[in-house]
Structures are given as structure tokens and as C-alpha cells.
Amino acid sequence: MGHRAVYQPGASSIEGLPTTLQMFHTHPPLMVMPHWHAQVEVNYLIRGTVHYRMNDHEIQLRAGDICVFWGGQPHQMDDSSEDSIYAGAHLPLVHFFRMRLPLDISGRLIRGETLVTSATDAADNENFARWYRYVRSGDPAKAEHAVAELLLRLERIAFEPYRMLPEKREHQSSEQVHPQSSRSLARMCDFIASNFLHDIDTVDIAKAADLHPKYAMNLFKKCTGMTLSKYVNLLRLSRAQAMLMRDGANVLQVAMDSGFGSISAFNKSFRHIAGMSPSDFRRDMRMVTAMSVEGAQPALRRSASQF
């Protein structure tokens with residue numbers, strides 16, 4: 001088989017910019033290893049097929065499918081057809097919480113489930129392409145318009161047939177996050193985005209949203225399924241993942257530059273999400289880089305079978 005493009009995390013990629021909204025419209029590159037990032041990911045498959053491996057489930061997408069999932073879980077696109085084209089976005093939580101999705105959907109997404117819908121039409125092809133152009137245009141007004149339209153499109157998913165994977169028989173609630181709660185969540189996420197590399201705690205985050213610390217913790221946990229400290233750590237780990245890709249990266253320096261107060265805390269948090277130490281991750285990614293130069297397809301097959 002011929003050479004296929006392989007995705008690699010980097011300082012200018014989604015891992016290295018965990019609070020930035022990015023949109024894409026391209027042929028999907030395969031992943032030799034699972035990666036993670038602190039955004040909700042939206043994929044719309046325009047043409048062809050792709051296959052994802054998640055923590056506890058797999059997804060096969062065909063042309064016309066939209067999937068939405070929380071990028072904070074390690075995931076890997078391990079196969080795509082030669083003709084595949086996909087579009088979509090990486091949405092920081094501050095944008096995700098602007099949507100008026102039922103708690104049953106938003107909560108289950110953040111807890112690691114994947115939403116898949118085939119309720120799409122030709123307008124989606126045109127819209128995703130236009131949103132991509134607007135976000136990359138350099139015009140803030142166009143970018144804001146694209147994001148607003150994308151969020152409205154995602155809200156519409158709740159009114160049409162969709163499924164959550166892995167499938168579970170649960171009572172589906174139509175309850176939505178109260179607008180005031182959404183604003184509070186957005187203010188907390190804004191503050192965290194600006195300060196996650198510094199020494200911040202729950203009191204600082206709650207104060208930024210004019211909330212009592214206990215209420216802030218409960219609200220965030222109710223709406224996201226994770227604690228404030230876990231979300232702060234995820235942003236730090238996303239950035240650290242990209243920094244470890246740099247030539248000559250020093251694990252201790254990466255820990256400090258990513259906002260961790262100690263190397264032990266960094267190692268523990270990194271191992272929890274990646275299943276390996278930062279040093280092992282750096283070693284494996286360097287091997288991946290070397291393999292991709294020679295032609296990554298055989299390595300991809302071996303890696304996918306071991307995931």
C-alpha cells in the first residue's frame with residue numbers, strides 16, 4: 001500500500017492550543033497512536049468512510065454521518081478510505097456550553113459517549129465548507145458568525161434521530177442547562193482558559209464567575225461529569241502532550257511549563273490519561289515520527305491491532 005499521511009500532535013496543532021476553536025475540511029490523516037485534547041470534537045463525513053477507536057467502543061462513519069464526542073478521552077482514527085473527506089470543528093468547552101442541548105446529551109458526551117446521527121442533507125456540505133472558510137478568513141465577524149451557525153446546527157441534532165454509543169438503556173431527560181448556569185459555566189471556562197498555566201484553584205475559578213466555591217464545583221460536575229480540577233489538568237496535559245513532541249523536550253521543564261507544581265503530579269496525571277509515563281510517550285512519538293518518514297502504513301496496522 002502507498003504512503004498515507006499520519007497525524008502527529010504538535011505545538012501548533014489542537015493539543016498545543018487547548019483553548020482555541022479550530023475548524024477543518026480535509027482528507028483525514030490516520031493516527032498511529034491515540035491522542036486527546038480538551039475540546040469537544042465534531043466530525044461530518046462528506047465522502048468515504050472512517051473508523052475510530054475510543055476508550056470502550058468503536059465507530060464506523062459513512063458519508064452523511066455526523067459524530068460528536070469529547071476529545072478528553074484518548075481516541076484514534078485508525079482507518080479511512082482513500083477518498084474520504086471530512087469537516088468539522090474542535091470546540092472548547094466555553095463554546096460547547098453555549099449550546100442549548102439537553103443535559104442527557106451534553107452530560108453523556110463529556111462522560112465519554114459518542115453521538116452519531118445520519119440526519120443530514122446537502123446543505124451540510126455547503127455549510128461546513130463555508131464555516132471553515134469564515135473561521136480561517138481572518139475576519140472576526142465572519143468567524144463569530146460561523147461559530148454561531150455551527151452551534152445552532154448542532155442543537156438541531158436533538159430534534160432528529162440520533163444514537164449514543166456505546167448504546168445504553170437509560171431514561172432520556174429533556175432537561176436543559178438553565179441559561180444563567182450556562183453563562184456561569186462559560187465564565188468559569190473563560191477564566192480557566194486564560195489562567196490554566198498558573199497556580200489556580202477552585203476558589204479563584206468560582207470568584208471569577210461570582211459563585212460560591214461549593215456551588216461552582218457542584219454546577220461544573222453536574223454539567224460536565226468531571227471536577228474543575230480534572231478539567232484544569234486536562235488543559236495542562238493537552239499542552240504538555242504537544243510540548244513533548246519538540247526536539248530536546250525535557251520532561252521536568254514540560255511539567256513546569258504546563259502548570260504542574262511537581263514532576264510527580266505531572267507523571268501521575270499523564271499516566272492516568274495516556275496509560276504511560278511522559279518519558280515513554282516522548283520516546284514512542286519519536287519512533288512514530290521516524291516511521292512516518294519511511295512509510296507509516298505497516299506500522300499503523302500493527303498499532304491498531306494493539307490498541
Side-chain angles (χ1 to χ4, degrees), residues 14 17-23 36-42 68-73 88-115 135 143-159 162 164 172-239 259 269 273:
I14 195 63
L17 303 169
T19 62
T20 301
L21 180 142
Q22 294 188 16
M23 296 195 72
W36 63 91
H37 48 80
Q39 300 92 351
V40 172
E41 184 164 341
V42 181
V68 184
F69 62 89
W70 170 232
Q73 60 176 324
H90 297 97
L91 293 173
L93 283 189
V94 66
H95 294 294
F96 182 67
F97 288 136
R98 288 171 53 192
M99 285 190 289
R100 294 163 295 183
L101 286 176
L103 282 176
D104 181 68
I105 294 179
S106 57
R108 290 170 69 178
L109 285 173
I110 298 299
R111 287 172 174 82
E113 295 183 45
T114 302
L115 182 153
V135 166
E144 183 178 352
H145 186 81
V147 172
E149 282 196 355
L150 171 61
L151 297 183
L152 283 171
R153 173 63 185 92
L154 295 177
E155 287 179 11
R156 180 156 61 88
I157 287 175
F159 305 135
Y162 68 88
M164 302 295 295
Q172 293 199 351
S173 168
S174 60
E175 180 185 1
Q176 293 184 343
V177 179
H178 189 276
Q180 181 58 48
S181 297
S182 293
R183 286 191 288 271
S184 295
L185 286 165
R187 291 176 70 181
M188 285 190 280
C189 288
D190 272 338
F191 177 80
I192 294 170
S194 300
N195 297 278
F196 72 94
L197 295 178
H198 305 299
D199 184 16
I200 58 174
D201 57 22
T202 301
V203 174
D204 300 319
I205 298 168
K207 184 178 179 181
D210 294 325
L211 300 175
H212 187 279
K214 187 174 182 179
Y215 178 79
M217 287 189 295
N218 290 339
L219 175 65
F220 198 86
K221 181 67 179 294
K222 175 185 177 182
C223 295
T224 70
M226 61 182 161
T227 63
L228 279 166
S229 60
K230 182 176 180 179
Y231 178 58
V232 172
N233 267 358
L234 184 58
L235 265 67
R236 291 170 174 169
L237 288 168
S238 183
R239 180 176 173 84
S269 295
I273 191 171

Could you tell me whether the side chain of [Y] reaches within less than 4.5 Å of the side chain of [X], counting heavy atoms only?
X	Y	value
R187	D210	yes
I192	I205	yes
N195	V232	no
I105	V68	no
L93	W70	yes
V147	L150	no
L152	R100	yes
L234	I273	yes

Would you name the heavy atoms of [X] and [Y] that are closest together and state the gap between them?
X	Y	answer
R108	M164	NH2-CB, 3.5 Å
A209	S184	CB-O, 4.0 Å
V135	A146	CG2-CB, 3.9 Å
P102	A158	CD-CB, 3.9 Å
S269	N233	OG-ND2, 3.5 Å
R236	H198	NH2-O, 2.7 Å

With rounding to the nearest 0.5 angstrom, report the [atom1] to [atom2] distance, [X] to [Y].
X	Y	atom1	atom2	value
C189	L235	SG	CG	8.5 Å
M217	K222	CE	NZ	16.0 Å
M188	D190	CE	CG	11.0 Å
H212	L219	NE2	CG	14.0 Å
K207	I200	NZ	CD1	13.5 Å
L115	Y162	CG	OH	7.0 Å

**Asked** Once the angle between the rings of F220 and Y231 is folded into 0 to 90°, is it parallel (under 30°), tilted (30 to 60°) or perpendicular (over 60°)?
**Response** tilted
**Request:** Count the heavy atoms of every other residue, nucleotide or ligand shown that sit under 6.0 Å from CD of E149, and state whether that count exceeds 12.
**Result:** yes
**Request:** Begin from the C-alpha positions of M23 and L21 and carry the test side chain to side chain contact (heavy atoms under 4.5 Å, CB included) through to its verdict.
**Result:** CA-CA 7 Å; M23 296 195 72; L21 180 142; 3.9 Å; yes
**Asked** Considering residues at least two apart in sequence or located in another chain, which fulfil the side-chain hydrogen bond (donor to acceptor under 3.5 Å, both in side chains) criterion with T20?
**Response** none
**Message:** Given 3.5 Å as the limit, does a donor-acceptor pair link the side chain of D204 with the main chain of D201, or not?
**Reply:** yes
**Request:** Would you sort out whether L197 and R239 count as a side chain to side chain contact (heavy atoms under 4.5 Å, CB included), showing the intermediate values?
**Result:** CA-CA 9 Å; L197 295 178; R239 180 176 173 84; 3.5 Å; yes
